[in-house]
Student: 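Got a structure here, written out as structure tokens. Questions coming.
Residue numbers start from 1 in every chain, and the chains themselves are labelled A, B, ... in the order their sequence lines are given, proteins ahead of strands. Just so it is clear, the model here is predicted, and its values are computed rather than measured.
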Amino acid sequence: MSQKDFNPKILGFLCNWCCYAAADSAGVSRYQYPPNLRTIRVMCTGRLDPAFVLRGFAEGADAIFSGG
Amino acid sequence: MSNADFLSLDGKPGSFTARLRLRPRYIDKDKCTACGLCTKYCPKHLVDPYNEGLAITRPIHIDYAQAVPATYYIDPEACLYLKHGTCQICVSSCQSKAIDFSQKAEEKELQIGAVIMAPGFGRVPDATLAKYSYGQHPDVMTSLEFERLLCASGPFQGEVKCLSDRRHPKRIAFIQCVGSRDLGCNNGYCSAVCCMYAIKEAMVAKEHDPEVEITIYYIDMRTQGKGFDAAQKRAESMGIRFVRARVADVMPWGKNLKLTYSTMEGTHSFEPYDIVVLSVGLDAPADAKNLGEIAGFALNDYDFCKTETFAPLLTTRPGVYVAGAFQGPKDIPESVTQSSAAAGLAAGLIAKDRGKALVHKSYPEEQKTGQEEEVRIGVFVCHCGINISSVVDVAAVEQYTEGMEGVVYHAQSLYSCSQDAQEVLKAKIKEHNLNRVVIAACSPRTHEPLFQETLKDAGLNRCLFEMVNIRDHCSWVHANEPAAATQKSKDLVRMGIAKARHIKPLPEQTVPVTNKALVLGGGVAGLTAALTIADQGFHTYVVEKKDTLGGHLQHLAYTLQGDTVSTVLDELTDKVKNNKKIEVLTNTELTQVSGFVGNFSSVLTTRGKKTNTETTIDHGVIIIATGGREHRPEVVLGNPVIYSETVLTQRELEQRLSGKGKNLAPKSVLMVQCAGSRGDDLNYCSKVCCSHAVKNALKIKALAPTSQVVVLYRDMRTYGFAEDAYRQAREQGVVFIPYTMDNRPKFKGSGKKTSVTFYDPILRDEVTMTPEALVLSVGIVAEGTEEISKQLKVPVNEDKFFLEAHVKLRPVELAVSGVYVCGLAHAPKPVEEIIVQAQAAAAKAAIPLCKGFVSVEPTISCVDKESCIGCGLCESLCPYQSIRIIKDENGKRKAETITASCKGCGICASHCPVFAISMGGYTDEQINAQITAFGAK
Amino acid sequence: MGQAKKQAELSSLPAQTKLMPSGYKKSGTVMVVGGGIAGVQAALDLTELGYYVYLVEKSAAIGGAMAQLDKTFPTNDCSL
């Protein structure tokens, strides 16, 4: 892994009904993934205002993840 | 009422009198704080039954940390004072003076309308386990003992160790069917759960230590439930070995255990193991006979409750119902389903008394949380036993919140969801005058309602709450990076607190319910569901697309238990037709549906001779009972199939066998199980085909004892009491021969000349047979589910069956509230289970009808009429038609949310050009605060 | 997961599951014998359907065998 060289900060918006639920199942199944993601739960990614994405980058996110 | 014995039951349905004996706990439950000091001081040791005797507790104790009621108790058989009049150390150790040795047993009499028997199951006697050296060698253990070993709250905190010398095992064996399918201990039935729990325990053990080698010795793997085969495949891919063999014995062998087994081919082998787990079956409850005598109902041959196929939850005493494992061995979802069904039946019996005895829960008045008020946040970080704390440094996360803006209190808890933790939470809210609560624990999807309830109890609006998921999204998925996981937890908690500063109380809203039900499907599931709802006093529409009622039951002639299906079906349809509360619409289909729980509106289209008529009905709930149909694969096990008089399905054979005339039974029959199922064409097991084959085989033998019947199978899945019929078939000379997917039977020719070649493991050779009838045991497929799935926006699984809201605990509810499922539309299953499921779905559907209202989640959209410019973008975008444009008093166009159907998705809010729409619990302000906190370090 | 929630739900309805000090309810009541998952579920559904329930358990705590389980098949969800 290139984690030593590049350790990105990722901000994720997760839909409560699908992606957040999937992240829960990933936990239940003990799937391991890199710890770079910080998440915000929304009821649907329809809630995602483009302004949130821009603000995320402004706050120093290297990437924005939208899961819905 | 815990610590209570059931003594007698008199009276008749609707007015029973029951006597109970309440045994003393010797501890005042109102004073006990469950602090545990008494257990520490108690000088006497007691083997801990909760941990299956693998740990030690004291006579004064609580079974486990999350026990309800959370009151300690004293085991009178072990207590030094109660046995010998000495000691009493606990009395002085208890700070709250809760210990009271003067308590006496008291008898109570209850007036009740109905009784539900749910005493569970018993244990297989130890004598049955002796041949596996159980009791002689500590490393031979039962599956329940092994379960405790795996558990974080178990004797070694979840580490799997040999009980003999605490070494970590390298090789573990599971032996299936211990105390099941065994006439030696009078348990001829299959316990129906052991294959599943063995796979589960093996997988969990493998997760604990990926190096450990695990072998499961089995006769048939009976993973017939929905999604169960897939779990077995996962287990195989994890490297767990499955061996079809009978285990002769287990003997101590140096430090190890020697397990001797014989395979189908008759070869004997032995292998060394460190731990041998006995997959023990479910026995009848130890006091079954006593219960039967007290309550006056009959038991079956195995001391389980006696019931009928078409009335699976009725005991022989009217007004007394049965649910759970006492009705027959079964797993959790089936027990839960039976319980809901029994509740529905009991409710139907005493429907006229509904609500008479209810006590309404009152909450303290909600304290006002105005904007001007100071934000006072309490942060609680959960260990979740070791689920979080084994990876994340919980103390560091808790300490991290110290001094954060608005945080006035922070703490850790071992299990923040436990009952005692709720009490602590309430106390801390009061003590520190908290007006926002942040809990860093598991998923809000599962636990938010629990904590919100506690907030309400403490007088806070339940929306003043934020949950941070540091288990499912952190400790569990970053198990090997504790430092990074701790950092992530800190970040997530910081973001949660940032949001919490901006959360506001939201009003509770309720919507009235139309107290009518719509049942889709007029088969046995739909009819049973309709009757169960109508019995509770609600109007029910039954919609059937064909012209007759009865569904697939019309094609069945007899059951494995010997019932004549047509008689039962006629009775059922008559009952439905004569019920004034039920309206039957045949030749009818649902064409359109709108609305939401409590307030659905549906358009039904009835096919007439010339024209179709449309009816619109209003109803509060929908039950989907649309059924399935027989699968007719054109290729079976790689062989092309043309159905004919001689190549037919089990259903067609059954019709032939139940016809009139002589020589109904073919002289030679070859049955092929799993034809088109379990990865052949369909990916799943249809659960009924093995019993169906046995049923028809027995019928053939009854008609013509000299007929030759051969059954080719992969695993005979005659679970539960159906195992008796399977054994009977073998005894009557039906030949059962297993095949594998690597060595499948080959068909040759067609029609009467079809011959089948298969491998016989006993002869160790290929055998060719040209039967008079080649009978394919085909599966069941879902029918029309995708269309309904689109109409009602309810999900189906990959096999096109409806996906329940929670596999274990909400087995008949769907993701959309107010929509329920039962019968074959949910998954293939035998008629007995269909009836129970229909009754359960009806009971669940009756809940909103009984209440008369539904509560709406407060996390919905809200339009600021001042800022709204009436552009109508939101109305055009809303996927649920839940926001509309109206004219306000000045004639200006303004948007308005339709509260009851808003799903809170927020599409309207994110698209509103003037930011006039805010989402309860997910406002711009809150999300922006979270994003800003993401950036802050 | 679910059961802790259920147990909490259950104990959050104390008035419905304990004996009333003021005496016995005569009609609209059901007795459930056994406090395992089956009994608990039946009691919960009956209270939701509008009946008063006496849940009778012979041991000191409700929960039954499910409380002893670590995980549940096939999803390996926590059973508590």
Student: Determine the minimum heavy-atom distance between B/Phe934 and A/Gly56, stating which atoms define it.
Tutor: CE2-O, 4.4 Å
Student: Looking at chain A, which one of B/Gly921, B/Ala909, B/Cys442 has the largest number of heavy-atom pairs inside 4.5 Å, strictly under?
Tutor: B/Ala909
Student: At a 4.5 Å cut-off on heavy atoms, which part of A/Tyr20 comes close to chain B: side chain, backbone, both, or neither?
Tutor: both
Student: Looking at A/Cys15, A/Ala26, A/Gly27, which makes the most heavy-atom pairs under 4.5 Å with chain B?
Tutor: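 Heavy-atom pairs under 4.5 Å are most numerous for A/Gly27.
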Student: Heavy-atom distance under 4.5 Å to chain B: side chain of A/Ala58, backbone, both or neither?
Tutor: neither
Student: Of all the heavy-atom pairs spanning A/Pro35 and B/Ala484, show the shortest one and how long it is.
Tutor: CG-CB, 3.5 Å
Student: Can you name the nearest heavy-atom pair linking A/Trp17 to B/Arg445, along with the distance?
Tutor: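 Of all heavy-atom pairs spanning A/Trp17 and B/Arg445, the closest is CA-NH1, 3.9 Å.
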Student: Relative to chain B, which segment of A/Leu14 carries a heavy atom at a distance below 4.5 Å: side chain, backbone, both, or neither?
Tutor: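 The side chain, not the backbone.
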Student: With a 6.0 Å cut-off (strictly less than), is the heavy-atom count around CZ of A/Phe57, excluding the residue itself, greater than 12?
Tutor: yes
Student: Determine which pairs satisfy salt bridge (Lys or Arg N to Asp or Glu O under 4.0 Å) with at least one residue from residues 50-68 of chain A, sequence neighbours left out, and list them in order.
Tutor: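 Sorted result for residues 50-68 of chain A: empty, none.
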Student: On a heavy-atom basis, which atom in B/Asn480 and which in A/Gln32 lie closest, and how many Å separate them?
Tutor: N-OE1, 4.0 Å
Student: Looking only at heavy atoms, which two atoms of B/His473 and A/Ala23 are closest? And how far apart?
Tutor: NE2-CB, 3.2 Å
Student: Let me confirm one number: the CZ-CD distance from A/Arg41 to B/Gln930, rounded to the nearest 0.5 Å.
Tutor: 10.0 Å
Student: Under 4.5 Å between any side-chain heavy atoms of A/Leu11 and B/Met495, yes or no?
Tutor: yes
Student: To the nearest 0.5 Å, tell me how far B/Gln487 CD sits from A/Asn36 CG.
Tutor: 11.5 Å
Student: Which residue out of B/Ser910, B/Ala479, B/Gly906 racks up the most heavy-atom pairs below 4.5 Å with chain A?
Tutor: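 The residue among B/Ser910, B/Ala479, B/Gly906 with the greatest pair count is B/Ser910.
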Student: Pick one of side chain, backbone, both or neither for A/Thr45, based on which atoms fall under 4.5 Å of a heavy atom in chain B.
Tutor: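 When you check distances to chain B, no heavy atom of A/Thr45 falls under 4.5 Å.
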Student: For B/Thr923, is it the side chain, the backbone, both, or neither that has a heavy atom closer than 4.5 Å to a heavy atom of chain A?
Tutor: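 Only the backbone of B/Thr923 comes within 4.5 Å of chain A.
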Student: Once you round to the nearest 0.5 Å, how far does CE of A/Met43 lie from CE of B/Met919?
Tutor: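 It is 8.5 Å, given to the nearest 0.5 Å.
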Student: With B/Leu492 as reference, evaluate A/Leu37, A/Thr39, A/Ile40 under the side-chain contact (heavy atoms from CB on, under 4.5 Å) test and give the passing residue.
Tutor: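 Single side-chain contact (heavy atoms from CB on, under 4.5 Å) partner of B/Leu492 among A/Leu37, A/Thr39, A/Ile40: A/Thr39.
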Student: Describe, in one word, how the ring planes of B/His478 and A/Tyr33 are oriented to each other, choosing from parallel (under 30°), tilted (30 to 60°) and perpendicular (over 60°).
Tutor: perpendicular
Student: Give the interface residues of residues 46-53 of chain A toward chain B, defined by a heavy-atom separation under 4.5 Å.
Tutor: A/Gly46, A/Arg47, A/Leu48, A/Asp49, A/Phe52
